[in-house]
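What follows is a set of notes on a single structure, which appears directly below.
The structure displayed is predicted, hence computed values, not measured ones.
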Amino acid sequence: MGRKLVSHAEGRTGRVFVDSVELCVKSWDCDETAEDFETTSSCSQGFYEFDTGVTMCEGNVEADWDIAQNPFDTPGIRAGKEVTLKLYEHATPGASAEDGPFWAINAIITRMKNASPVKGTVSYGFSFKSNGTYSRPTGN
């Protein structure tokens, strides 16, 4: 049998801020990775060995374009732009909420995309990579 969830946290309270501007997003993801260096030698007893180096995080954000608020451009997001991201895993809804665990990332936008389907909403998305410091979610 599966394990029952205790906190019942839902993705609908996952918020995204770019340079203190909140985006109304559909989804976000963040992958943390560490560089690895192979250190296998004749003393490795037939096994691969490696050490880790620098860490980074990278991810994606998907959102619907609010054409009334930004008729000609997505909200200032461009490939190559350096931004400060806050990716909330769970936060209280409201314009100024700063509670809940979140990733704080100095990042560079590496990819920007737009989509305009025949039916449905105009959407946009972007990919990012950390550029220097980032902090993992803390709190309860």
Side-chain angles (χ1 to χ4, degrees):
M1 301 222 36
R3 189 174 144 194
K4 190 173 181 179
L5 292 175
V6 176
S7 66
H8 300 286
E10 298 178 19
R12 64 185 167 90
T13 56
R15 301 171 70 189
V16 174
F17 288 81
V18 176
D19 293 333
S20 76
V21 174
E22 184 169 12
L23 303 181
C24 295
V25 301
K26 293 165 104 174
S27 68
W28 66 262
D29 64 76
C30 182
D31 298 324
E32 185 179 28
T33 58
E35 221 174 27
D36 60 82
F37 300 100
E38 186 177 344
T39 58
T40 307
S41 68
S42 61
C43 298
S44 299
Q45 301 174 353
F47 298 100
Y48 279 112
E49 293 181 330
F50 65 94
D51 286 329
T52 57
V54 297
T55 61
M56 66 173 285
C57 57
E58 59 185 321
N60 303 287
V61 174
E62 300 289 331
D64 286 335
W65 192 341
D66 184 348
I67 200 76
Q69 187 171 358
N70 299 291
F72 303 111
D73 193 7
T74 49
I77 298 167
R78 303 205 175 342
K81 184 176 181 183
E82 191 164 351
V83 297
T84 301
L85 295 176
K86 283 187 177 179
L87 306 174
Y88 283 84
E89 293 180 348
H90 177 72
T92 303
S96 62
E98 290 289 328
D99 64 336
F102 64 89
W103 291 83
I105 306 167
N106 292 326
I108 291 184
I109 305 299
T110 57
R111 180 181 64 89
M112 172 67 189
K113 69 175 187 170
N114 285 331
S116 182
V118 173
K119 292 173 61 178
T121 59
V122 175
S123 63
Y124 71 96
F126 61 91
S127 299
F128 63 87
K129 287 187 179 184
S130 61
N131 184 29
T133 62
Y134 66 91
S135 63
R136 302 184 87 246
T138 58
N140 297 331

Classify the ring geometry between Tyr124 and Trp65 as parallel (under 30°), tilted (30 to 60°) or perpendicular (over 60°).
perpendicular
Identify, with sequence neighbours excluded, every residue that meets side-chain contact (heavy atoms from CB on, under 4.5 Å) alongside [X].
X     : result
Val21 : none
Ala79 : none
Ser41 : Cys43, Ser44

Within-4.5 Å side-chain heavy-atom neighbours: [X] and [Y]:
X      : Y      : value
Phe128 : Val18  : no
Leu23  : Trp28  : no
Glu62  : Lys113 : yes

Residues pairing under salt bridge (charged side-chain N to carboxylate O under 4.0 Å, His left out) where one sits in residues 24-45, two or more places apart or in two chains, turn out to be Lys26-Asp64, Glu32-Arg136
Exercise: identify the closest heavy-atom pair between [X] and [Y]:
X      : Y      : result
Thr40  : Glu49  : OG1-N, 3.0 Å
Pro101 : Pro137 : CB-CB, 3.8 Å
Arg78  : Ile109 : O-CB, 3.2 Å
Gly14  : Val25  : O-CG2, 4.2 Å

Applying side-chain hydrogen bond (donor to acceptor under 3.5 Å, both in side chains), can you list everything that pairs with Asp19, at least two apart in sequence or on another chain?
none
Got a sec, which residues hit side-chain hydrogen bond (donor to acceptor under 3.5 Å, both in side chains) with Ser127, two or more places apart in sequence or on another chain?
Asn60, Arg111
Just how far is it from atom CH2 of Trp103 to atom CD of Glu89, taken to the nearest 0.5 Å?
7.5 Å
With the 4.5 Å side-chain cut-off for hydrophobic clustering, are Ile108 and Ile77 part of the same group?
no
Return yes when atom OH of Tyr48 has more than 12 non-hydrogen atoms of other residues, nucleotides or ligands closer than 6.0 Å, and no otherwise.
no
Starting from the C-alpha separation in whole Å, work towards a yes-or-no answer on side chain to side chain contact (heavy atoms under 4.5 Å, CB included) for Leu85 and Cys30.
CA-CA 11 Å; Leu85 295 176; Cys30 182; over 6 Å; no
Please tabulate, one pair per line, all N/O donor-acceptor pairs under 3.5 Å involving side-chain atoms of residues 50-58, not counting sequence neighbours.
residue, atom, partner, partner atom, Å
Thr55, OG1, Tyr134, OH, 3.0

